Amino acid sequence: MFKIFHGIHLVDHYHNQKKARRESKIMSRTIKLLFCVAALIALWATPTDFFGIPGLSTVEHRVIAIFIFTTLMWILEGVPSWTTSVLATTLLLFTCSDQTLLLLRDASFAPAEEGAKFAAHIIKSKDLFATFSDPIIMLFLGGFFLAIAATKTGLDVKLARLMLYPFGKKSENVLLGFILVTGIFSMFMSNTATAAMMLAFLTPVLKSLPADGKGRIALALAIPIGANVGGMGTPIGTPPNAIALKYLQDELNINISFGEWMGVMIPYVLVVLLLSWIVLRLMFPFKQKEIEIKIEDNVKDSKHLPIVCATYIVTILMWICEEYTGIGSNAVAMIPITVFVLTGVIGRRDLEEVNWSVLWMVAGGFSLGVALQQTGLAKHMVEHIPFGEWPALLMIVGAGLLCWMLSNIISNTATANLLVPILAIIGVSAKDALAPYGGVHALLVGVAMCASLAMLLPISTPPNALAHSTGLIEQKDMMRVGLIVGLGGIVLGYLMLFFVY
């Protein structure tokens, strides 16, 4: 993955390290996997009354078992997170849908009357399959095509050099430049690819700094902070954004356009990035007052550069002007896909660069959401669990902090896939109580925001791991900065959501 992106050697090193850890812990991973499977079997065999929800059907019981199994798999990582998502979809397909194995069917699967469709709580298999081509998946795919095309034509290097130039040579300004430019790129590119690219640009800069200077640490930390925080700026910046947006649009009928999202989140992102710059300056001051930045422009595919530039401009403008064009952001995402394929900017080989594991990961989470809705489990939970009696402020902030804590140890996409479907149910039940504190917007967007602010550890996000692999950052430094920026960003974020919504 990302073979054509700048800094690929860092990504390769990161994945090789992960592979080595997996191979060295085969017994541990096997035990985790067996534990998760045992939990699934135990929950499957548990009497339905155990869950304390009256009238629970066999299919709903199975969905609960699969949901808990998926949660354990995501937390313990018996297998890669995206593999768990695919497994969850397959389990739902063969045990809870209209394609369930005959030996697993009971009265729940029988037609209510001759010629009638299956009972309402049976999942439609076509809806499970449809999650892999959900409009949000297409939105992300369009973003991946834009990123690949920018790298192939050298547009990313030209933009990076152009955007860093105004910051001059003063060390502190160069640090600000790297934070802001990384954040801007991360709004439209994968945070992993962005971090790898910017760390590659940073390498010659680091060589010019004193070996005993703390400024090297500040610059190395600026990349993961910029990549993690910048992703909040657009719906395609990071998967948790897209997951929250889908449930707001599809399940709660709350439409937030691409431009509206950017209008709210980009000012917030800029404030957090400036806060991060101040923190890094104070914690890791520069010994050398000036830095020379040299970014080589190795043009790869100049003949297609005008096409890519024009497509970028048109696509972003149409995303921002959605309310004036009447064309949704998901549909606009097909423009770069179509243009780049027709013009030869992206060929068959380039499709290997698409981050399919992220798309499948998100789709698996959508499958769980489909299961909660179509089996009637969501309705049962709303009716029998008194969400509306919970303190609204505690519900909103507590959900965000839970997401932040989980995202520091497991994939932020997995965390969003786990929490957002349940929180969407809570949002329906308690929307009146939530209204004074930003409503359902604050609940779901807050979770997406907290997922991106989880950056305590090298394992928290790929950008953190890539930066840590440079050998310049100690884990204690990453934790200190991650704690200050993360909690500071959460406080500012919820204040912003309460006032805006």
Side-chain angles (χ1 to χ4, degrees), residues 2 5-7 139-140 143-144 146-147 150-151 155-156 159-160 162-164 166-167 174-202 218-245 258-259 261-280 312 316 319-320 355 358 404 407 412-413 416 445 448-455 460-467 478 481-482 484-486 488-490 492-493 496:
F2 304 124
F5 287 93
H6 301 281
L139 180 62
F140 253 87
F144 288 149
L146 286 170
T151 301
L155 177 61
D156 54 354
L159 287 174
L162 181 66
M163 288 189 288
L164 285 169
F167 293 94
V174 170
L175 173 64
L176 177 62
F178 270 98
I179 290 177
L180 292 179
V181 172
T182 304
I184 292 169
F185 271 109
S186 190
M187 293 178 190
F188 299 96
M189 288 175 59
S190 152
N191 60 6
T192 306
T194 299
M197 177 183 75
M198 295 304 292
L199 282 167
F201 296 158
L202 188 63
L219 283 167
L221 280 170
I223 304 303
I225 290 173
N228 293 326
V229 173
M232 291 188 279
T234 66
I236 63 170
T238 184
N241 293 1
I243 294 168
L245 191 62
F258 202 100
W261 181 288
M262 291 178 67
V264 171
M265 296 305 293
I266 285 183
Y268 164 69
V269 165
L270 292 175
V271 170
V272 176
L273 291 177
L274 288 173
L275 169 67
S276 304
W277 175 58
I278 294 170
V279 170
L280 291 175
Y312 252 86
I316 293 173
W319 271 336
I320 295 172
N355 199 340
V358 168
W404 180 76
S407 292
N412 59 11
T413 308
V445 176
M449 175 187 70
C450 289
S452 294
L453 290 168
M455 53 183 108
S460 297
T461 67
N464 278 23
L466 290 172
M478 185 171 282
V481 174
I484 295 170
V485 174
I490 289 172
L492 290 174
M496 178 267 297

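All values reported here derive from a predicted model rather than from experimental measurement.
Side-chain atoms of Y268 never come within 3.5 Å of backbone atoms of L492 as a donor-acceptor pair (strictly under, hydrogens ignored). Side chain of N241 to main chain of T234: a donor-acceptor pair is present (N/O by atom type, distance under 3.5 Å, no hydrogens or angles).
Taking both residues in full, the closest heavy atoms of P463 and A195 are given as CB-CB, 3.8 Å, listed atom of the first, atom of the second, then distance. Here the shortest heavy-atom pairing between S186 and G226 reads CB-O, 4.1 Å. Taking both residues in full, the closest heavy atoms of V229 and V269 are given as O-CG2, 3.6 Å, listed atom of the first, atom of the second, then distance. Contact detail for A196 and L466: the closest heavy-atom pair is N-CD1, 4.0 Å. The shortest heavy-atom contact between L176 and L274 is CD1-CD2, 3.8 Å. The two atoms that bring W261 and G233 nearest to each other are CD1-O, 3.5 Å, heavy atoms only.
Distance CG/N355 to CE/M189: 11.5 Å, rounded to 0.5 Å. With rounding to the nearest 0.5 Å, the separation of CZ in F185 from CE in M197 is 4.0 Å. Between the CD1 atom of I223 and the OG1 atom of T182 there is a distance of 3.5 Å, given to the nearest 0.5 Å. The CE atom of M455 lies 10.0 Å from the CE atom of M478; values are rounded to the nearest 0.5 Å. The CZ atom of F140 sits 7.5 Å away from atom CD1 of I243, with the distance rounded to the nearest 0.5 Å. Going from atom CD1 of I236 over to atom CG of L146 covers 6.5 Å, rounded to the nearest 0.5 Å.
In this structure the side chain of N228 never reaches within 4.5 angstrom of the side chain of L453, judged on heavy atoms. Side-chain contact between L273 and W277: absent, with no pair of heavy atoms (C-beta onward) separated by less than 4.5 Å. Looking only at side-chain heavy atoms (C-beta outward), I179 and L280 come within less than 4.5 Å of each other. At least one side-chain heavy atom of I316 sits less than 4.5 Å from a side-chain heavy atom of F188.
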Could you walk me through whether V485 and V272 pass the side chain to side chain contact (heavy atoms under 4.5 Å, CB included) check? CA-CA 7 Å; V485 174; V272 176; 4.2 Å; yes
Verdict with supporting geometry, I266 and M187, side chain to side chain contact (heavy atoms under 4.5 Å, CB included): CA-CA 9 Å; I266 285 183; M187 293 178 190; 4.1 Å; yes
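A side-chain donor from one of T151 and D156 sits under 3.5 Å from a side-chain acceptor of the other.
S460 is linked by a side-chain hydrogen bond (donor to acceptor under 3.5 Å, both in side chains) to N408, counting only residues two or more places apart in sequence or in another chain. Listed by chain and residue number, M232, T238 satisfy the side chain to side chain contact (heavy atoms under 4.5 Å, CB included) test with S452 (two or more places apart in sequence, or in another chain).
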